Amino acid sequence: MSDRGDVIIVGAGFAGMYALYRFRGQGLNVIVLEAGSDVGGTWYWNRYPGARCDVPSLEYSFGFSEELEQEWDWPEVFSAQPDILKYANHVAERFDLRRDIRFNTRVVAIDYLEDDNLWRATTETGEAVEARFCVMATGCLSVPNKPTLPGADDFQGTVLHTGLWPKEEVDLSGKRVGIIGTGSSGVQAIPELAKQAQHLTVFQRTPVYTVPANRKRMRAEVQQEFRDHYRAIRDMQQHNPGGVSNFRPFRSVQQPQATQTVAREPVSFQQTAPQSAESRPNEIMRLTPEERTKLVAERGLGMLLTFRDVFTNAEANEIANETYREAVRNMIDDPEVAERLLPKTYGIGCKRQVLDRDFYDTFNRDDVTLVDLFETPLETITATGIQTSEGHHDLDLLIYATGFDAMTGALLKANIRGRDRQPLSDKWRHGPVAYLGLQMQGFPNLFTVTGPGSPSVLCNMLVAIEQHVNWIGECIDYLRDQGLQSIEPTASAETDWVAHVNQVAEGTMYTTPSCNSWYLGANISGKPRIFMPYVGGYSKYRERCEQIVANGYEGFTLS
Ligand code: NA7
């Protein structure tokens with residue numbers, strides 16, 4: 001006997017939490033299934049030392065409740081994982097979400113029951129839940145990628161993955177720690193691990209481009225400025241390609257006369273000092289080598305990301321890359337270590353930009369060793385460490401910072417079967433095919449939040465999540481009001497959308513042949529190379545979604 005609800009939501013990260021709140025408010029009976037023991041999704045699982053968000057917290061926060069906006073204090077401009085998880089817990093308590101969430105409940109199959117027009121989710125304990133609608137709120141970076149390395153099972157020490165970090169404190173004191181991977185997770189973790197471990201060995205395959213993160217503590221007056229203007233800020237987010245307002249307290253909003261006379265320091269959320277639009281040299285090609293070096297010395301590596309031509313012109317991109325390399329050479333004491341850290345095989349801007357705190361300085365420590373896996377390949381993992389072509393590295397603890405099966409991983413892992421029992425893995429064998437990243441033809445009434453083909457990871461995720469959940473909520477209400485039973489895209493709308501997603505990504509830095517990013521699925525062997533997120537911009541995408549609804553759910557079949 002199955003439990004029955006109106007909507008099944010899989011996942012209780014920010015997407016699942018907001019969907020529960022939203023759909024409950026529509027009078028729907030909602031059942032949320034969550035593998036973890038509590039809310040938070042990404043921020044529940046990624047507890048590794050140094051984990052932090054790369055979007056300012058005042059923007060990376062929910063906009064659906066004015067009370068929530070007014071009552072929550074963020075201690076830093078860019079929050080660390082513990083503060084974001086605290087926020088998630090607060091949201092769960094404040095809106096009494098936990099009563100409809102079944103924790104420690106992993107979904108192993110999701111089946112469309114065609115005769116009844118219902119979805120059934122089956123859990124690993126054999127429990128089954130049925131509902132008319134199923135909403136996959138499973139996140140874009142939620143299935144950790146742990147490559148199969150020779151001898152991996154022989155290792156007798158502790159093995160951890162940054163994306164599955166334990167809740168209990170991990171004591172690294174006196175330990176010889178190894179870490180594989182230098183993407184965002186590795187770059188954030190490495191400086192913190194080095195502080196705690198007796199010795200840290202970093203096993204790097206591809207060097208990373210990373211720029212210093214903003215480290216500002218939150219100032220009370222900045223937070224207050226946001227609170228005073230939150231409605232305008234949320235509106236600005238809706239009209240920005242990345243879903244961020246770029247609101248600058250004391251500058252973005254016209255101050256009343258009385259306060260305008262008070263000179264206040266401008267606050268910038270960017271990595272570099274604020275400049276007027278006129279003085280900003282936005283083409284690196286226009287600068288001499290000396291000017292470039294001087295600019296980076298004065299304003300930091302993040303300066304390179306402010307040049308427009310770096311992202312559009314291969315020659316300009318290579319100039320930026322070489323300027324970057326020169327700066328890194330100057331930061332590292334040992335020239336051999338510096339050479340190993342220099343990215344040379346791809347351009348800045350092709351991958352998601354990594355932000356760091358003291359990453360390069362860490363390699364000047366005596367208790368940190370950098371191993372270049374291209375120069376000295378990993379031969380095998382042994383009981384006591386890692387054997388490379390150059391020698392054996394003794395380890396007590398091995399950390400995989402090897403990323404995720406991004407965007408499609410969690411959806412495929414859920415074993416979804418649609419009409420005629422077609423597995424989603426079959427439909428997506430050549431890459432993800434979905435309309436607006438919201439729905440798939442052959443899977444009626446099943447929705448994905450921030451699915452492939454939507455702005456998702458190229459956008460402020462909280463903004464993307466709220467927009468998708470609102471769209472789905474309105475759609476369910478519409479079906480109910482019209483006495484309709486089901487919605488799914490037409491095959492042609494879906495194909496046209498996928499073609500559009502590919503077309504807008506073509507010719508950008510993201511899809512250059514030398515680029516091997518998780519956006520393209522290139523980090524997972526055998527995964528089709530397709531640019532998965534929608535690069536056309538959040539605001540345009542949102543308008544398109546609204547237009548589709550205004551045109552009577554254009555491209556969808558409603559029955
Ligand atoms: P990433 O960005 O996918 O980075 C994974 C890292 O692990 C990267 O340096 C990889 O090197 C390395 N890796 C992966 N497989 C291997 C093997 N087999 N051997 C050696 N090294 C390997 O994941 P993150 O978790 O850091 O960040 C993902 C996103 O989360 C990030 O963009 C933010 O949005 C948050 P490679 O480059 O493949 O040579």
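Every value quoted in this text rests on a predicted model; they were computed, and no experiment measured them. Read the numbers this way: they start at 1 and go in the same order the structure lists the ligands and their atoms.
- Side-chain atoms of N317 and N313 include no donor-acceptor pair closer than 3.5 Å.
- Protein residues with a heavy atom under 4.0 Å from ligand 1 are L141, P147, L149, I180, G181, T182, G183, S184, S185, R205, T206, K351, R352, L373, A401, T402, G403, F404, W518.
- Formation of a donor-acceptor pair under 3.5 Å by the T450 side chain with backbone atoms of I465 is not found in this model.
- With hydrogens and angles left out, the side-chain atoms of Q188 and Y48 include a donor and acceptor closer than 3.5 Å.
- For the 3.5 Å distance criterion, the side chains of Y534 and H500 qualify, holding a donor opposite an acceptor.
- Between the side chains of Q81 and R52, no donor-acceptor pair of N or O atoms lies under 3.5 Å.
- With sequence neighbours excluded, the residues satisfying side chain to side chain donor-acceptor pair (under 3.5 Å) with T382 are H392.
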